[in-house]
Amino acid sequence: METRPIFATDTTARFLIIDDHPLFREALHSAVSMAYPKVETIEATTVAEALDTLKSGEPFDLALLDLNIPGVQGFDGLLQIRTSHPRLPVVIVSGHEDSRIISQALSYGAAGFIPKSSRKADLASAIRDVMEGAVYVPQSYQPQPGAARDEDRSDLIRRLATLTPQQMRVLNMLRQGLLNKQIAYELQVGETTVKAHVSEILRKLHVYSRTQAVIEVSRLDQAELFRDADTCI
């Protein structure tokens, strides 16, 4: 899915808002309308719905994603969207403001991180900054040097980015403990096809077993960060 660069507020923009909370979807729509009066916003309440929306229709200029959304864990939603649509800028809009979480989101390719506590004018300004090519982070953000130096983590993220969308779906099902037969049923493909996907996943991730693949990827979840963070809106 190609994206269109936006450089002026009088240009028509098309945004995808991914959030299961109706009041905050409305707040985001109001903020992006302030930034781009001619904006067209499409809403999705799950990552699966967002991926279906991205497959059809005209391209989007930006996606605004809530991390705390049903159906995904940790950064899975961001990874799925970035893998399927690598050229689409994705901004995290979240109630979590922990610098460790922000650092992880940026390392996975987020184009910015906007706290849900931001005022509408600040939301609009942040969105304009991202659309002009900047990576937006809140003023309270403290970079995490240790995360930036983690070569193994960065390498694993690069390997994950080589997976196709279907391989990413298979990997997520492996993490749920599904067997090949169950994955085949969910994806409506043959077990031979699933086995081929699993083999490619192992090859691309440089691991030798399904268990090792799951363990490696689970290192990236950082679910404990979310348990310690404040409850988001």
Side-chain angles (χ1 to χ4, degrees), residues 1-72 75-97 101-102 104-141 161 165 168 232-233:
M1 184 70 66
E2 298 295 327
T3 59
R4 301 178 305 240
I6 300 296
F7 301 103
T9 56
D10 60 352
T11 305
T12 300
R14 196 163 189 261
F15 292 167
L16 178 61
I17 296 174
I18 312 164
D19 195 303
D20 67 316
H21 198 294
L23 290 180
F24 199 74
R25 291 201 304 271
E26 182 179 341
L28 275 178
H29 173 78
S30 179
V32 297
S33 296
M34 178 183 291
Y36 295 96
K38 296 182 180 180
V39 71
E40 176 188 2
T41 58
I42 307 297
E43 298 179 357
T45 59
T46 66
V47 170
E49 184 182 342
L51 291 172
D52 286 341
T53 301
L54 287 168
K55 290 178 184 176
S56 59
E58 296 183 10
F60 287 87
D61 299 296
L62 186 72
L64 298 164
L65 171 68
D66 180 16
L67 281 178
N68 190 29
I69 195 167
V72 293
F75 298 98
D76 281 354
L78 174 61
L79 282 170
Q80 288 182 43
I81 295 172
R82 292 286 298 141
T83 300
S84 302
H85 304 275
R87 299 188 66 181
L88 173 67
V90 180
V91 173
I92 300 300
V93 186
S94 176
H96 301 300
E97 299 184 33
I101 295 175
I102 298 174
Q104 290 296 332
L106 297 179
S107 73
Y108 297 156
F113 196 106
I114 305 174
K116 282 190 172 183
S117 59
S118 303
R119 297 177 304 168
K120 184 169 73 172
D122 293 334
L123 277 169
S125 177
I127 290 167
R128 280 195 295 265
D129 286 349
V130 172
M131 293 302 292
E132 291 171 2
V135 176
Y136 180 86
V137 292
Q139 290 185 348
S140 60
Y141 170 62
M168 195 68 173
C232 77
I233 296 173

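All values below come from the heavy atoms of this structure, side chains included, with hydrogens, waters and symmetry mates left out. Numbers here simply count residues along the sequence, with the first being 1.
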Query raised in the report: In terms of side-chain geometry, is the basic nitrogen of Lys116 or Asp66 positioned less than 4.0 Å from the acidic oxygen of its partner?
Result: yes
Query raised in the report: Does Ser125 reach the main-chain N or O of Ala121 with its side chain, forming a donor-acceptor pair under 3.5 Å?
Result: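 Judged by distance alone, no pair lies under 3.5 Å.
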What are the two closest heavy atoms between [X] and [Y], and how far apart are they?
X: Phe113; Y: His96; result: CE2-O, 3.1 Å
X: Ile92; Y: Ala105; result: CG1-CB, 4.2 Å
X: Leu88; Y: Ala63; result: CD2-CB, 3.9 Å
X: Ile102; Y: Glu97; result: CD1-O, 3.9 Å
X: Pro89; Y: Ala111; result: CB-CB, 4.0 Å
X: Glu49; Y: Thr45; result: OE1-OG1, 3.0 Å

Partners of [X] by side chain to side chain contact (heavy atoms under 4.5 Å, CB included), sequence neighbours excluded?
X: Asp122; answer: Ser118, Arg119
X: Val72; answer: Val47, Ile69, Asp76, Gln80
X: Ala27; answer: Phe24
X: Pro86; answer: none

Requested in this report: Please assess Ile127 against Tyr36 for the test side chain to side chain contact (heavy atoms under 4.5 Å, CB included), listing each intermediate value before the final yes or no.
Outcome: CA-CA 9 Å; Ile127 290 167; Tyr36 295 96; 4.2 Å; yes
Under 4.5 Å between any side-chain heavy atoms of [X] and [Y], yes or no?
X: Gln104; Y: Phe75; answer: yes
X: Met131; Y: Phe15; answer: yes
X: Leu65; Y: Leu78; answer: yes
X: Phe60; Y: Leu54; answer: yes
X: Ile18; Y: Val90; answer: no
X: Thr46; Y: Asp20; answer: no

Query raised in the report: Knowing that exactly one of Val32, Leu16, Val130, Asp19 qualifies, which makes a side chain to side chain contact (heavy atoms under 4.5 Å, CB included) with Leu64?
Result: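 With Leu64 as partner, Val32, Leu16, Val130, Asp19 yield a single side chain to side chain contact (heavy atoms under 4.5 Å, CB included), made by Val32.
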Query raised in the report: Which residues satisfy the side chain to side chain donor-acceptor pair (under 3.5 Å) test with Ser30, sequence neighbours excluded?
Result: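 For Ser30, the residues satisfying side chain to side chain donor-acceptor pair (under 3.5 Å) (neighbours in sequence not counted) are Lys120.
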**Report entry** Results of salt bridge (charged side-chain N to carboxylate O under 4.0 Å, His left out) for Glu40 - residues two or more places apart only
**Finding:**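 By the salt bridge (charged side-chain N to carboxylate O under 4.0 Å, His left out) rule, Glu40 matches Arg14.
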Measuring from atom [atom1] of [X] to atom [atom2] of [Y], what distance do you get when rounded to the nearest 0.5 angstrom?
X: Leu106; Y: Ile101; atom1: CG; atom2: CD1; result: 12.0 Å
X: Arg128; Y: Met34; atom1: CZ; atom2: CE; result: 8.0 Å
X: Ser56; Y: Leu51; atom1: OG; atom2: CG; result: 11.0 Å
X: Thr41; Y: Glu43; atom1: OG1; atom2: CD; result: 5.5 Å

